[in-house]
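A short worksheet on the structure shown next.
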Amino acid sequence: MIYPAVDLSLPVAFAVAFFLLVGAALALIGAIGFLRLPSFYERLHAPALGTSWGIGGIMLASMIYFTAASSRLVIHEILIGIFVTFTTPITFMLLARAALHRDRTARSHGVPRKYPIGPEERPREDDESQAS
């Protein structure tokens with residue numbers, strides 16, 4: 001089914017254009033942040049926000065357009081938004097934990113130590129007494 005954009009009223013067309021531009025701008029900001037931020041851990045933050053909020057704007061534009069064009073309420077895009085909202089942060093958290101584990105195993109410089117310290121890494125009591 002083809003929905004011609006010519007049949008849309010002016011306020012609906014402005015709302016669709018606004019949400020498309022906002023969503024695209026947020027996705028672009030996330031992509032630029034992904035390219036420009038220096039470390040892997042910093043790069044995770046920008047795309048997570050860019051995809052979540054960017055897809056939200058595009059999803060709202062799609063809901064408004066198809067609701068106006070088909071003269072019935074179209075809200076099944078909310079399922080896409082719910083899926084993206086739940087899966088994106090979980091995916092990035094798992095990626096960050098895997099990278100942190102890899103960097104700790106490789107003993108890379110600048111990686112925070114585990115806390116609390118495990119039994120194999122705890123200083124012995126006689127080492128503490130010599131240090132003071």
Side-chain angles (χ1 to χ4, degrees):
M1 184 177 271
I2 297 174
Y3 301 105
V6 178
D7 295 340
L8 290 178
S9 66
L10 195 58
V12 171
F14 278 132
V16 169
F18 172 76
F19 285 116
L20 275 177
L21 289 174
V22 167
L26 289 170
L28 179 64
I29 289 168
I32 291 171
F34 182 71
L35 291 174
R36 299 210 28 133
L37 291 172
S39 74
F40 175 78
Y41 302 105
E42 293 171 342
R43 284 187 201 136
L44 286 177
H45 187 66
L49 293 177
T51 56
S52 297
W53 288 97
I55 199 74
I58 294 170
M59 181 184 62
L60 280 172
S62 174
M63 288 171 36
I64 293 169
Y65 175 78
F66 286 108
T67 295
S70 65
S71 300
R72 63 182 176 88
L73 187 62
V74 178
I75 57 171
H76 59 271
E77 284 95 344
I78 290 176
L79 292 173
I80 297 169
I82 290 170
F83 182 71
V84 169
T85 300
F86 283 120
T87 58
T88 300
I90 293 169
T91 303
F92 284 129
M93 181 187 65
L94 292 173
L95 283 170
R97 285 187 176 187
L100 188 61
H101 175 72
R102 179 199 62 205
D103 290 344
R104 283 181 177 158
T105 304
R107 298 192 187 277
S108 298
H109 179 67
V111 177
R113 291 178 50 128
K114 285 184 184 180
Y115 186 78
I117 297 174
E120 67 278 353
E121 296 177 346
R122 288 189 184 135
R124 293 181 298 192
E125 292 176 7
D126 57 338
D127 290 343
E128 289 178 3
S129 61
Q130 292 174 359
S132 50

Quick note, side-chain hydrogen bond (donor to acceptor under 3.5 Å, both in side chains) partners involving residues 20-37, not counting sequence neighbours, are none
Note to self: Same cluster or not: Tyr65 versus Val74, using hydrophobic residues (I, L, V, M, F, W, Y) connected whenever any side-chain heavy atoms lie under 4.5 Å apart?
What the structure shows: yes
Output for pair (Ile58 CD1, Leu21 CG), nearest 0.5 Å, gives 10.0 Å
Heavy-atom closest pair (Met63 atom, Ile75 atom, distance to 0.1 Å) is CE-CG2, 4.3 Å
Across all chains, not counting sequence neighbours, the side chain to side chain donor-acceptor pair (under 3.5 Å) partners of Glu77 are Ser62
On a heavy-atom basis, the closest approach of Phe40 and Ala96 is CE2-CA, 4.4 Å
Across all chains, not counting sequence neighbours, the side chain to side chain donor-acceptor pair (under 3.5 Å) partners of Thr88 are none
* Side chain proximity check, Arg97 to His101, heavy atoms < 4.5 angstrom -> no
To the nearest 0.5 Å, atom CD1 of Ile82 lies from atom OG1 of Thr87 at 11.5 Å
Residues Leu20 and Ala61: closest non-hydrogen pair is CG-CB, 3.6 Å
Of all heavy-atom pairs linking Leu8 and Ala68, the shortest is CD2-CB, 3.7 Å
Main-chain N/O of Leu73 paired with Thr67 side-chain donor or acceptor, under 3.5 Å:
no
ask   = For atom CZ of Phe92, is the number of surrounding heavy atoms from other residues, nucleotides or ligands below 6.0 Å larger than 12?
value = yes
- Message: When you group the ILVMFWY residues by side-chain heavy-atom contacts below 4.5 Å and let the links chain together, are Val16 and Phe18 in the same group?
- Response: yes
| task | Treat each ILVMFWY residue as a node, draw an edge where side-chain heavy atoms are under 4.5 Å apart, and state whether Val12 and Phe19 are in one component. | result | yes
What one should report as the nearest heavy-atom pair of Leu37 and Arg43 is O-NE, 3.0 Å
The reported gap from CH2 in Trp53 to OG1 in Thr85 (rounded to nearest 0.5 angstrom) is 9.0 Å
- Task: Verify the neighbour count for atom CZ of Phe14: are there more than 12 heavy atoms of other residues, nucleotides or ligands below 6.0 Å?
- Result: no
